[in-house]
There are 2 protein chains.
Amino acid sequence: MSLRHAVLGLLSSGPASGYDLLKIFELSLANVWPATQSQLYSELGRLADAGFVAVAAEGPRGRKEYAITDAGRAELRHWMTEVEPTPFNRSDMLLRVFFLGELDAEEARAYLRGRAEAADRRHRGLAELREVVAKGDDPLSVYGLMALEWGLRFAAVQRDWAAWAERELDRIRTPEDRREDQG
Amino acid sequence: MSLRHAVLGLLSSGPASGYDLLKIFELSLANVWPATQSQLYSELGRLADAGFVAVAAEGPRGRKEYAITDAGRAELRHWMTEVEPTPFNRSDMLLRVFFLGELDAEEARAYLRGRAEAADRRHRGLAELREVVAKGDDPLSVYGLMALEWGLRFAAVQRDWAAWAERELDRIRTPEDRREDQG
DNA sequence: TGGAGACATGTCAACAGTGGAAGGTAAGCT
DNA sequence: AGCTTACCTTCCACTGTTGACATGTCTCCA
């Protein structure tokens, strides 16, 4: 139930409407905690019922600006400092690795190669983003930068792991051929 | 909808009952694609309705052994080779990083330190598991080893990143103190 | 023979996440 | 004045995930 805390976290730096929050979710938070419009509005409703946020102002077009309350801030702090993060999540990429034996050698190689390439593309994309940020064109908070660095390292490790696994696959699958060569 | 493919993947190497599958989910697949008993049994039912698996044999205590069908195998192959894996998932650990500014310097440090330590513990645990596997006491498939290697590298990168972020935090938060020293 | 423990399945309520439809208001442009 | 575009919210149906409860059988062993 972290959508709730994502919303509280965003509201902790100032009031915003559901629409404003949606923009943030689509941009900076998209890779960390994606959320859709219907999820956001209903979560804001629940948060208001629970007293963690309140409508601070109403604007044109039915706009409602939500502000975090003291109770909300307390809840956020509690989650940040007391609740243990989940160590890891589901990964359909890794799930496929378990079943790679179902494919023939060529297909398995192709899969790992594909993963390495995708990770490499992501790595290059993030590196570019870091360049842009470094030039100061599009400032990012210290914490945004930390998340960016995480993404960069994560992409690199995935790329390198996939390349390693591909070599490993060759090492495993070729002994029979080698024996044939020698026999 | 990968639970379906996890089940198909497991059944691809031989028939099994819901109970058997549950054991596998609790052990080797727990970190990659956790699933509960209720999920498993209902998924098996849906899979059977869709013709991807069939009851191959019935045993004592109402046991039903499911076997994958040709259609099921085709579906699994399709998913393995044609469907692009989701690049990354939600991370409540990283979500917290975005809101680290809500905490004071000491708390933020503690958070990152905690992450580094948790990752280090996981890394040591997996390294130990790799030792055990290497000794051949508890054999793991090539693919299981690849997944293990992934876990190891992932834990290492998380540990190192958290340590880096902690130093980064010091670098950012201390300039004011330094100015005070000089002034 | 009686109890513990593993084996085995089924069902239900609640919550979380996805995708899309519907409906309405304000601002800016021509 | 009329049009378009951006702004803004609500509701709904469906799927996925979790946890708990209910139910019963077989094997072993004291």
Side-chain angles (χ1 to χ4, degrees), chain A residues 1-8 10-11 15-27 29-50 52-67 79 83 86 88-92 95, chain B residues 1-8 10-11 15-27 29-50 52-66 79 83 86-92 95:
Chain A
M1 208 183 28
S2 286
L3 173 61
R4 141 159 311 187
H5 300 108
V7 172
L8 287 176
L10 292 178
L11 288 180
S17 70
Y19 192 81
D20 295 337
L21 294 175
L22 188 59
K23 287 290 133 67
I24 304 179
F25 270 98
E26 282 168 355
L27 294 171
L29 243 47
N31 294 330
V32 168
W33 205 274
T36 57
Q37 170 252 44
S38 35
Q39 238 182 311
L40 248 183
Y41 282 106
S42 54
E43 188 61 48
L44 279 170
R46 276 194 296 274
L47 242 18
D49 288 347
F52 291 147
V53 304
V55 178
E58 308 214 4
R61 277 161 292 193
R63 175 189 174 92
K64 291 185 205 162
E65 280 215 324
Y66 288 92
W79 175 74
V83 182
T86 62
F88 31 51
N89 323 65
R90 294 182 162 81
S91 162
D92 62 330
L95 184 58
Chain B
M1 207 183 29
S2 287
L3 173 60
R4 141 160 310 187
H5 300 108
V7 172
L8 287 175
L10 291 178
L11 289 180
S17 69
Y19 192 81
D20 295 337
L21 295 174
L22 188 58
K23 287 291 133 68
I24 304 178
F25 270 98
E26 282 169 355
L27 293 171
L29 242 48
N31 294 329
V32 167
W33 205 274
T36 58
Q37 174 252 42
S38 39
Q39 236 182 313
L40 208 48
Y41 282 107
S42 54
E43 188 61 47
L44 278 170
R46 275 194 297 273
L47 242 16
D49 289 347
F52 291 147
V53 305
V55 177
E58 308 213 3
R61 278 162 291 194
R63 176 188 174 92
K64 291 185 205 163
E65 280 216 323
Y66 288 92
W79 175 74
V83 181
T86 61
F88 29 53
N89 322 64
R90 296 181 161 80
S91 162
D92 62 329
L95 184 59

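Fair warning: this is a prediction, and the values are worked out from it, not measured in the lab. Chain A is the first sequence line, chain B the second, and so forth, proteins listed ahead of strands; every chain is numbered from 1. Heavy-atom basis, side chains included; hydrogens, waters and symmetry copies ignored.
Spacing between atom CZ of A:Phe25 and atom P of C:dA16 amounts to 14 Å, rounded to whole angstrom units. Between B:Glu26 atom CD and D:dT17 atom P the separation is 17 Å, expressed in whole Å. Taking atom OH of A:Tyr19 as the reference point, atom P of D:dA6 lies 8 Å away to the nearest angstrom. What separates CD of B:Glu43 from P of D:dT15 is a distance of 12 Å, to the nearest Å. With rounding to whole Å, B:Leu47 atom CG is found 15 Å from D:dT15 atom P. In this structure, the CG atom of A:Leu40 is 15 Å from the C1' atom of D:dC11, given to the nearest Å. Atom-to-atom, CG of B:Asn89 to P of D:dG16 comes out at 16 Å; the value is rounded to the nearest Å. Following rounding to the nearest Å, B:His5 (NE2) and D:dT15 (C1') show an atom-to-atom distance of 14 Å.
Residue B:Leu21 holds its CG atom at 6.0 Å from CG of B:Leu10, rounded to the nearest 0.5 Å. Within the model, atoms OG1 of A:Thr86 and CZ of B:Arg90 stand 11.5 Å from one another, a figure rounded to the nearest 0.5 Å. Interatomic distance, A:Leu44 CG to A:Leu11 CG, rounded to the nearest 0.5 Å: 6.5 Å.
For A:Asp49 (side chain) and A:Arg46 (main-chain N/O), no donor-acceptor pair under 3.5 Å exists by modelled atom type. Not a single donor-acceptor pair under 3.5 Å links the side chain of B:Tyr19 to the backbone N or O of B:Lys64. At distances below 3.5 Å, not a single donor-acceptor pair connects side-chain atoms of A:Ser2 with backbone N or O atoms of A:His5.
The side chain of B:Lys64 places no N or O atom within less than 4.0 Å of a non-bridging phosphate oxygen (OP1 or OP2) of C:dC7. When the side-chain nitrogen and oxygen atoms of A:Lys23 are compared with OP1 and OP2 of D:dC8, none of them lie within a distance under 4.0 Å. Regarding contacts with the backbone of C:dC7, every side-chain N or O of B:Arg63 stays at 4.0 angstrom or more from both OP1 and OP2. Between D:dT10 and A:Tyr41, no contact under 4.0 Å exists linking OP1 or OP2 to a side-chain N or O.
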Exercise. How does protein reach along nucleotides 18-26 of chain D, written 5' to 3' as B (base within reach of a heavy atom under 4.0 Å), S (only sugar-phosphate), or - (no contact)?
Worked result: BBB----BB
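One finds no salt bridge joining A:Glu26 and A:Lys23 here, because no Lys/Arg side-chain nitrogen approaches an Asp/Glu carboxylate oxygen to under 4.0 Å.
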